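Before any comments, here is the structure.
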2 protein chains.
Amino acid sequence: MTPRTTDADELAEQPRIPLSRRRVLRAAVRLADRDGIDSLTMRQLAQELGVEAMSLYHHVANKEAVLDGVAEVVLGEVMVAVDEVEAPSPDADWRAALRARILAAREVFLGHRWAPQVLESRTTTNPLVIAYYDRVVAILRAGGFSFELAHRALHVLGSRALGFTQELFRPDGTGTPDEEAAALMEQMADRFPNIVGMLADAVHDDPDGTLGFCDDQFEFEFALDLILDGLERRRAAGS
Amino acid sequence: MTPRTTDADELAEQPRIPLSRRRVLRAAVRLADRDGIDSLTMRQLAQELGVEAMSLYHHVANKEAVLDGVAEVVLGEVMVAVDEVEAPSPDADWRAALRARILAAREVFLGHRWAPQVLESRTTTNPLVIAYYDRVVAILRAGGFSFELAHRALHVLGSRALGFTQELFRPDGTGTPDEEAAALMEQMADRFPNIVGMLADAVHDDPDGTLGFCDDQFEFEFALDLILDGLERRRAAGS
DNA sequence: ACCTGAACACCGTTCAAGT
DNA sequence: ACCTGAACACCGTTCAAGT
């Protein structure tokens, strides 16, 4: 137990600040940021607030509601971030307008690495997700998209519209890239010749390894631009 | 407790079939398919096998190993499915070759709806995922891709290469599309004007609603083709 | 070698009781 | 109105003991 400045400590000295849904959810986000999403339990959340677990149930219905709530907090940050971004008007350049907002949204998720997993675990669509996509559609419409093509665009973009993707194939990012890669390739060379060739080539392209093995930001922007290209092409074709 | 034919019933009459890692994992997949992934607990899995929970630990290290194992079973099915698919040779037509395999892989995931969530929850990349992507790279290479562009392609495709996407914005698919949509739009019209316009248009395009509100298969193929288009364009440009 | 019962340290949640 | 302690029904997992 390392001493930290938590609400619990503060409350021991100050008169008790009453609990509220908002305070509960902000504490939940803080806890997930600090200790990981698996540490977000009702009991640990209560401790973070200097309160008993059962007190939480006066402000949130149950744990599912807490998870809906932390999604809400993160999406609230996203809405602020995309509002503040500097970008051309959608009427002038829909691509630049959308691209800038998506990359701004991405920044928020880089600060809450657990958030994609939580968002994808929700069974009902969060109203703020609808609000966000509503604005994406607005930008596409301003850019000359039909409702139909805008609909297709949402499906193509998927969570990438919010600035993140969940990849299944991630060449283990822990440790120094070069060492890891060398050891791994030795073992895998005969089983996975194409992957090994590909990764060897990627290392060669980036000999000093400062960008890491896969530069996520670069890959994200490459993929986003490829998709925006494809959408613009179909828009121009009037499909 | 509705009576079912489970291993437990069979074992009551037959001499005991010895447990094995393989039997444990196949039972886990069966349980997840029937009752959902949340029902896959060590205790319920043991019951499915007519055994005590603690017996499982002689065949799998822990629950994480069970989840790795069920991912392995599903990916095994994927490997078989893509092997059996009829498709042009990658040398002749990489796009058709890859497209057919991805759609075949997709079929497997349609039979295990919980599998995407499990795959995305794994912290270490499953070797069969690497094997699958190795074959994707082989197809791209046969189609004239540089290693570098093949690498980009994997990032653009992401889980779509395995035939699934996890969407955040899903206009609630329960109930009849028309009723749901009408009720929802009434409430949302002023808050989300663009989304509502888009969805109203989608309903209009498909008046008898037989395809459902969002035709997932159609949307998946549209998105896949857009991405394959973009990749081919960049390949031809020699980037 | 393989399986088991009891137990432990955790969960989310309910309930009756406190202030 | 808001918070609490004890309890319940679950988890995953350990351990010593059975066959």
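None of the values given here were measured: they were computed from a predicted structure. Numbers restart at 1 for each chain; the letters A, B, ... are given by sequence-line order, proteins then strands.
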Check your understanding: So what's the dot-bracket for DNA chain D: Watson-Crick or G-U pairs under 3.5 Å, [ ] if a pair crosses, | if it pairs off-strand?
Key -> ||.|||||...|||||.||
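Between B:E52 and B:R43 there is no salt bridge, since no side-chain N of the basic residue sits under 4.0 Å from a carboxylate O of the acidic one. B:D83 has a carboxylate O that lies under 4.0 Å from a charged side-chain N of B:R135, or vice versa, which qualifies the two as a salt bridge.
For B:L119 against B:A71, the heavy-atom pair with the smallest separation is CD2-CB, 3.8 Å.
To the nearest angstrom, C1' of C:dT4 lies 6 Å from CD of B:E52. With rounding to whole Å, A:L49 atom CG is found 11 Å from D:dT4 atom P. Atom CD of A:Q47 is separated from atom P of D:dC3 by 17 Å (rounded to the nearest Å). For the pair B:L19 CG and C:dT4 C1', the interatomic distance rounds to 13 Å; values are reported in whole Å.
Evaluated for a side chain to side chain contact (heavy atoms under 4.5 Å, CB included) with A:V137, the options B:V196, B:L199, B:I195 yield exactly one hit, B:I195.
Checked by atom type, the side-chain pair A:D33/A:W114 shows a donor-acceptor distance below 3.5 Å.
For C:dC3, one of the phosphate oxygens OP1 or OP2 lies less than 4.0 angstrom from a side-chain nitrogen or oxygen of B:H59. Distances shown here put a side-chain N or O of A:S55 below 4.0 Å from the OP1 or OP2 atom of D:dT4.
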Study note, to complete from the structure: Per-nucleotide protein contact along nucleotides 10-16 of chain C, 5' to 3', at a 4.0 Å heavy-atom cut-off (B base, S sugar-phosphate only, - neither), is -BBBB--
Exercise for review: Kindly determine whether A:R106 and A:D216 satisfy salt bridge (Lys or Arg N to Asp or Glu O under 4.0 Å), including the steps that lead there.
Suggested key: CA-CA 11 Å; A:R106 177 176 164 79; A:D216 283 343; 5.4 Å; no
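Between A:F169 and B:Y133, the two ring planes are parallel [angle under 30°; tilted spans 30° to 60°].
Taking B:E72 as the reference, B:R21, B:N126, B:L128 meet the side-chain contact (heavy atoms from CB on, under 4.5 Å) condition, with sequence neighbours excluded.
Looking at A:H58, its side chain comes within 3.5 Å of the base of D:dC3 through a donor and an acceptor atom.
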